[in-house]
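Shown next, in structure tokens, is the structure this report addresses.
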Amino acid sequence: MENAVESSRLDKLRNIEKLGVDPWGQRFDGHMSIQTILQLPADLPEDQRPGVKAAGRIVSRRIGGKVHWLDLRDWSGQLTTRKTTSDDDKHEASEFTDWSSRIQIMLGQKQIGEIGWALAQELDLGDLVGIEGKFGKTKRGEPTIFAEKLTFLSKSLEPHPDKWSGLSDMEYRLRHRYLDLTYNPELLDRALKRVKIIRTIRSYLDGQGFCEVETPTLHAIAGGAAARPFKTHHNALDIPLFLRIALELHLKRLLVGGMERVYEIGRVFRNEGISQKHNPEFTMLELYQAYGNYESMMDLTEGMVLAAIDAIGGGYQRSYGTQAIDFSPPWARLAYGDAFQQHVGISMHDEAAVKDAAQKTHLAIAGKHHDVLVHELFEHKVEHKLTGPVFVHDYPAALCPLTKRKAAMPTLAERFELYIHGMELANAYTELNDPIMQEQTFSQQLAGLPEEDSMAKMDHDFIRAQRHGMPPAGGLGVGIDRLVMLLTNTQTIRDVILFPLLRPEK
RNA sequence: GCGCUCGUAGCUCAGCUGGUAGAGCACGGCACUUUUAAUGCUGGGGUCUUGGGUUCGAUUCCCAACGAGCGCACCA
């Protein structure tokens, strides 16, 4: 399907070829970043102007008879902080770093040469070009490269978005992420902050003596979490396989193997709904520390997140949407039972009262385990009030088949979740390392739950590993995407994942 | 999975209780060597997401499908 814009661009492509010029460009060495050029002295007399060489995308164009003005963009910015000009009233404007730089180019018929001038006639918005010339200011005071040579680096055959309105249609943005990155600078800023956050987590953990490992993505049994897996098939072995839903069970095998501090940052896959907080594939950090427990994990989590905040800047007082979140340490620690008592008004151990409250909240109660009801109430009445950051610890034991029980109170498990802005950001246990008990919890399905929805999936291979002696350990899981959302004030997971899942077109 | 809303030019958007569509930018032509949302004149560009229905007539009303956004549910 060709429209007028596209056919005109194809014509121009042919014209460039006729001039003997490669419209797709070649290696282009020795150019300077636009940011560097903009810092050169611009007020020198004409005969002393420094020679410069730049490369980038044409994002704006103003054409006179014998002079063309271009705006050239590259990604060398990061010196300027801007405010979003969001038309969305729900969220406050937030600051972001503009990683792009723009510089004006003057192409004059006399100065650019015959072929250069012919090429200039074939330029379109979106083309990539290299410019060599002198840097100075125009009469109006605009920093400008006065071009002496124009090098074609790549033709754009598709029209680019409106230079003033840019891109706003969400679907269009997601299906043309490359344009979104070019024309919505906040997105690029988030993507680069994400890189920084992950890099910081790695160096923080490495500094604590952890080592990063890679474990299989294809699992025979998708365990370690309660989620439906994606199913696939291996042809040569003719066996069904699942994409992993967690990293847990392989990392714990490494504990048995004597790797005392391990972590993995990797993709996991859950065949469930899509929402602003859920993408079918997302990035998890899991780590295990031999001879630690869930309290060691609290300290570690706090230190790691604070290091990430230090890396991207902006301080410990941060905003998320219209809400303020104070990350200043130490973060609150709140027992699950206390949080429950406080917001539901009854004891989580009072079975009759829990049943009663569940009924009043219109929860289906038939055949459900007491702990399941407790947690459903927790999710309805407590979770959204946990602005945090707060470590909620000591969970109902039946919900935690991979967790060690509290010695003094075996109905509770040594587990915490870190809540920030009502979101579960991290989940940690004192790991269950008793293989006999592990076998029991794997085989005890909670009433009313299909096995595929259960965290308790029997995995004999894992139990056999544990039977060889797994050290007592603390373990932690962190949803990296949600962490990036919180730290970059992003309301939807689709804006911290560069290519979130979409239904294919047509 | 359920509910609400949306789908009009390459992009951003108008389009009144139903009479087969407009603007800005982008694109083509003419003029201009100091413009910067350049300007002036001018031209081309649309299966109004798709398929049915109601109607003399549907972009508009109804039904369905497809795609998307938001909310709810699921995610023990």
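To find a chain, count down the sequence lines: A is the first, B the second, and so on, and within it residues start at 1.
Within 6.0 Å of atom CD1 in A:Ile463, more than 12 heavy atoms from other residues, nucleotides or ligands are found, so the atom counts as buried in its surroundings. Shown here is A:Trp69, whose CH2 atom has more than 12 heavy atoms of other residues, nucleotides or ligands within 6.0 Å.
Whole-Å rounding puts the A:Arg228 CZ to B:rG1 P distance at 13 Å. Regarding A:Glu379, its CD atom lies at a distance of 7 Å from the P atom of B:rC75, rounded to whole Å. Atom CD in A:Glu122 sits roughly 9 Å away from atom P in B:rG28 (whole-Å rounding). The interatomic distance linking A:Lys277 (NZ) with B:rG71 (P) rounds to 10 Å, in whole Å. One atom, CD of A:Glu417, and another, P of B:rC75, lie 14 Å apart when rounded to the nearest Å. Per the geometry, CE belonging to A:Met106 stands 9 Å off P belonging to B:rU34, to the nearest Å.
Relative to the side chain of A:Arg175, the nucleotides B:rA73, B:rG67, B:rC11 differ in distance, and B:rG67 lies closest. For A:Leu502, the side-chain atoms get nearest to B:rA68 when compared with the rest of B:rA76, B:rC13, B:rA68. The side chain of A:Gln109 approaches B:rU33 more closely than any other nucleotide in the set B:rU33, B:rG10, B:rA76. Listed candidates were B:rU33, B:rU36, B:rA26. Nearest to the side chain of A:Lys163 is B:rA26. Set against B:rC75, B:rC25, B:rU33, the side chain of A:His278 has B:rC75 as its closest nucleotide. Here the side chain of A:Pro159 is nearest to one of B:rC27, B:rG10, B:rU12, namely B:rG10.
Shortest non-hydrogen contact noted between A:Leu72 and A:Ala55 is CD2-C, 4.0 Å.
Sorted by residue number, the members of residues 52-61 of chain A with any non-hydrogen atom under 4.0 Å from RNA chain B read A:Ser60, A:Arg61.
Among the atoms of the strands shown, base atoms are found under 4.0 Å from some heavy atom of A:Lys110. Counting any heavy atom pair closer than 4.0 Å across all strands shown, A:Gln111 reaches a base atom. Nucleic acid contact for A:Lys137: none, since no nucleic acid atom lies under 4.0 Å from a heavy atom of the residue. In this structure, A:Leu174 reaches the sugar-phosphate backbone alone: every heavy-atom distance under 4.0 Å involves primed, P, OP1 or OP2 atoms, never a base.
Using Watson-Crick or G-U wobble geometry with both donor-acceptor distances under 3.5 Å, B:rA23 finds its partner in B:rU12. Look at B:rG40: its Watson-Crick or wobble partner, with both distances under 3.5 angstrom, is B:rC30. In a base pair of the Watson-Crick type (N1 to N3 plus N6-O4 or O6-N4) or a G-U wobble (N1-O2 and O6-N3), with each distance short of 3.5 Å, B:rC75 is matched with no nucleotide. Nucleotide B:rG7 has B:rC66 as its partner under the Watson-Crick or G-U criteria, with both atom distances under 3.5 Å.
Between B:rG52 and B:rA58, the distance separating the two C1' atoms is 13 Å to the nearest Å. When the C1' atom is compared between B:rG45 and B:rU60, the two are found 23 Å apart, to the nearest whole Å.
In this structure, A:Tyr395 has its ring center closer than 6.0 angstrom to the ring center of A:Tyr336.
Put simply, the side chain of A:Asp169 and the base of B:rG7 share no donor and acceptor less than 3.5 Å apart.
From A:Tyr320, atom OH reaches atom NE2 of A:His421 across 5.5 Å, with rounding to the nearest 0.5 Å. Annotation: the span from A:Leu167 atom CG to A:Tyr172 atom OH amounts to 6.5 Å, rounded to 0.5 Å.
Ring-plane geometry between A:Phe378 and A:His375 is classed as parallel, the angle between the planes falling under 30 degrees on a 0 to 90 degree scale with a further cut at 60.
A close approach under 4.0 Å does not occur between any side-chain nitrogen or oxygen of A:Gln491 and OP1 or OP2 of B:rC70. Not one side-chain nitrogen or oxygen of A:Ser8 sits closer than 4.0 Å to the OP1 or OP2 atom of B:rG44.
Counting only N and O atoms by type, the side chains of A:Tyr419 and A:Glu383 include a donor and acceptor under 3.5 Å apart.
Nearest-nucleotide positions on RNA chain B place A:Leu167 closer to the 5' end than the other of A:Leu167 and A:Thr138.
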**Request:** Could you walk me through whether A:Thr441 and A:Gln438 pass the side-chain hydrogen bond (donor to acceptor under 3.5 Å, both in side chains) test, one step at a time?
**Result:** CA-CA 5 Å; A:Thr441 61; A:Gln438 184 71 80; 3.2 Å; yes
